[in-house]
Amino acid sequence: MIGIFDSGLGGLTALKEIHALTPGENLIYFGDTGRVPYGTRSVETIIRYAKQDAAFLLSKGVDAIVVACGTVSTTALPELRKTLPVPVIGVVEPAAEAAVAATKNKKIAVIGTTATVRSGAFERAIHALDEGIEIVTQDCPLFVPLVENGFLDGEIPRLSCEFYLKKIRESGADTLILGCTHYPLIADCIRRALPGVTMINTGAEAARHLVKTVGRREGCGEVRYFVSDDPALFAASASLFLGEDLRGRAEKIVIENY
Ligand code: DGL
């Protein structure tokens, strides 16, 4: 059984891909909806939250954990790997590999939360693969609240994309890492602001990496959802994204107890 966590809805981009690649695998998802966003918080707080999220998943008996959150992957992964008794898959290396393989003009842009951009983790991972690649980064702190509040399309996300992505467009980068797992939910708006750019979905790349690591396993394909705030709010947005009715299927937990 695989555990997947994020601060909210974003990790569903990884869950969706894992479920498609290995439908028999049992999955447990935790969205820390009571404490989202993570990306504007200090390193210490992100590490503390991430350890509690992982402890909850371990209490359910998972044998691998996907950190389906760019912020935690870039800020807390070494700490989690040091302390957890199961394999921990993050989103940075798989996305860096995909971006390096995709770029033709050797210019890669990375967008993410403020914590992710501050960490420099994507730059390190890309340059470990190819030192000659030019990298441009931009934090987009409004994107996560937009997604969590259901603003997936229309005027407000469009203006936010224009505002945050101007520098990326001017850089001429041909490949863009969506360094936050929430961003694929507003991919249409991002694509319109950056026409012709190849987008790398970090959650989906991590999912492919996971399946390569643990293989395809036959379980009953059960998927369970847990959140730290109102399950009905989560279910409404998650149902839209997954194209499946999740009403009544998400359970609330007290994450501070882990
Ligand atoms: N999905 C998380 C990420 O990938 C969102 C972070 C946040 O809560 O700010 O970074």
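Counting convention: from 1, in listed order, for ligands and their atoms alike. Position 1 is the first residue of the sequence; numbering continues from there.
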Original post:
Would you find more than 12 non-hydrogen atoms of other residues, nucleotides or ligands less than 6.0 Å from R247 atom CZ?
Top reply: no
Subject >> Any side-chain donor near an acceptor of the partner, T74 and T116, under 3.5 Å >> reply: yes
**OP:** Mind jotting down which protein residues get a heavy-atom contact under 4.0 Å with ligand 1? Chain and number order, please.
**Re:** D6, S7, V36, P37, Y38, G39, C69, G70, T71, T113, V144, C180, T181, H182
Subject >> Row check, Y49 ring normal vs R41 NZ/CZ: under 6.0 Å, within 45° >> reply: no
Original post:
Does the side chain of D174 reach to within under 4.5 Å of the side chain of T198, using non-hydrogen atoms?
Top reply: no
Output a table of donor-acceptor pairs, distance under 3.5 Å, between side-chain atoms of residues 134-141 and any protein atom two or more places apart or on a different chain; print 'none' if there are none.
residue : atom : partner : partner atom : Å
D139    : OD2  : T114    : OG1          : 2.9

Subject >> Side-chain (S228) to main-chain (G34) donor-acceptor, under 3.5 angstrom >> reply: yes
